[in-house]
Amino acid sequence: VIRHPHIRPMTPEDKTAVMKILKATPEFTPGEVFVAEELIDCYISDPVGSGYLILVAEVNSKVEGYICFGLTPLTEGTWDIYWMATAREKQGQGIGTALLASAEAKIKESRGRLAFIETSSKPEYEKTTRFHLSHGYELICQVPDFYAPGDDKLILQKRLSP
Ligand SMILES: CC(C)(COP(=O)(O)OP(=O)(O)OC[C@H]1O[C@@H](n2cnc3c(N)ncnc32)[C@H](O)[C@@H]1OP(=O)(O)O)[C@@H](O)C(=O)NCCC(=O)NCCS
């Protein structure tokens, strides 16, 4: 059991490890991996101006997970958590929880009020949705057939300030 993964901002040197995790995550389609990589490249080329923040989780000096989030443009204190993943063989050991907690701490530090996660109603994402529900996120909206016929968009929200 890993008790304390080390959470730190992503650097360009971490990209190979993060891409490897994304490509080995069966839930992600090639299109999703492509979009996740675009956000990573934006962040790496301009960490401050990109509007994205990316944290990685290191265990025994190896990157085993990451989370990408950012202030939603044109809002006051509303943040989107765009993407997160833990290496398959390291899931269920607290890495995702540590990444999410660090992201939420960063959001609160920046006076963020709300955090949003959008996900799919497909059975492959059931575990992911359960993870977020157990970390204080509430299902506030379900958009029928958003991604594809029968594949709804689930919008999960957490209030980070009273
Ligand atoms: C969703 C995801 C990021 C969670 O990451 P994770 O590292 O497995 O998360 P954790 O280990 O912190 O938590 C997973 C479960 O393990 C349990 N757990 C937490 N710490 C634990 C520990 N130290 N030992 C054993 N189990 C633990 C938690 O209770 C949790 O259960 P819950 O989901 O019912 O809350 C990961 O499963 C993943 O990468 N999924 C595929 C990609 C994906 O769907 N990403 C999100 C959409 S972009």
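Start at 1 and go down the list; that is how both ligands and their atoms are numbered. All values below come from the heavy atoms of this structure, side chains included, with hydrogens, waters and symmetry mates left out.
- Under a 4.0 Å criterion applied to the non-hydrogen atoms of F131, ligand 1 contributes the atoms 4 (C), 9 (O), 10 (P), 12 (O), 13 (O), 14 (C), 33 (O).
- Enclosure of atom CD in E126 is not indicated, since only 12 or fewer non-hydrogen atoms of other residues, nucleotides or ligands lie within 6.0 angstrom.
- For the residue pair T11 and E13, a side-chain donor N or O sits within less than 3.5 Å of a side-chain acceptor on the partner.
- Counted within 6.0 Å of CD on E138, heavy atoms from surrounding residues, nucleotides or ligands total 12 or fewer; the atom is thus considered open.
- The shortest N or O to N or O distance between S134 and ligand 1 is under 3.5 Å.
- At a heavy-atom cutoff of 4.0 Å, ligand 1 is contacted by no atom of R88, backbone or side chain.
- Considering backbone and side-chain N/O atoms, A85 never comes within less than 3.5 Å of an N/O atom of ligand 1.
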Without placing hydrogens or testing angles, list every side-chain donor-acceptor pair under 3.5 Å for residues 109-118, not counting sequence neighbours.
{"residue": "S110", "atom": "OG", "partner": "K106", "partner atom": "O", "Å": "2.9"}
{"residue": "R113", "atom": "NE", "partner": "E76", "partner atom": "O", "Å": "2.8"}
{"residue": "R113", "atom": "NH2", "partner": "E76", "partner atom": "O", "Å": "2.8"}
{"residue": "R113", "atom": "NH2", "partner": "T78", "partner atom": "OG1", "Å": "3.3"}
{"residue": "E118", "atom": "OE1", "partner": "K153", "partner atom": "NZ", "Å": "3.1"}

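- Polar contact with ligand 1: present for G92 (N/O pair, distance under 3.5 Å).
- The shortest N/O to N/O separation between T128 and ligand 1 falls below 3.5 Å.
- Heavy-atom proximity to atom 22 (C) of ligand 1, evaluated over Q91, K90, Q93, E32, is greatest for Q93.
- When each atom of ligand 1 is checked for a heavy atom of I95 under 4.0 Å away, the hits are 7 (O), 11 (O), 12 (O).
- The shortest N or O to N or O distance between E27 and ligand 1 is not under 3.5 Å.
- Listed by atom number, the atoms of ligand 1 under 4.0 Å from T25 heavy atoms are 41 (C), 42 (C).
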Steps toward side-chain hydrogen bond (donor to acceptor under 3.5 Å, both in side chains) verdict (H135, T97): CA-CA 8 Å; H135 288 77; T97 299; 2.9 Å; yes
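- A side chain to side chain donor-acceptor pair (under 3.5 Å) check over residues 51-61, counting only residues at least two apart or in different chains, returns the pairs R8-E58.
- Looking at G96 next to ligand 1, an N or O pair under 3.5 Å apart turns up.
- In terms of polar-atom proximity, defined here as any N/O pair under 3.5 Å, T97 does make such a contact with ligand 1.
- Taking 4.0 Å as the cut-off, H132 does not count as a neighbour of ligand 1 on heavy-atom distance.
- The aromatic rings of W83 and F28 lie tilted to each other, with the angle between the two planes from 30° to 60°.
- Using a 4.0 Å cut-off between a side-chain N of Lys or Arg and a carboxylate O of Asp or Glu, E104 and K158 qualify as a salt bridge.
- Between W83 and ligand 1, no pair of N/O atoms sits closer than 3.5 Å.
- Sparse packing is recorded around CZ of F34, with 12 or fewer heavy atoms of other residues, nucleotides or ligands lying under 6.0 Å away.
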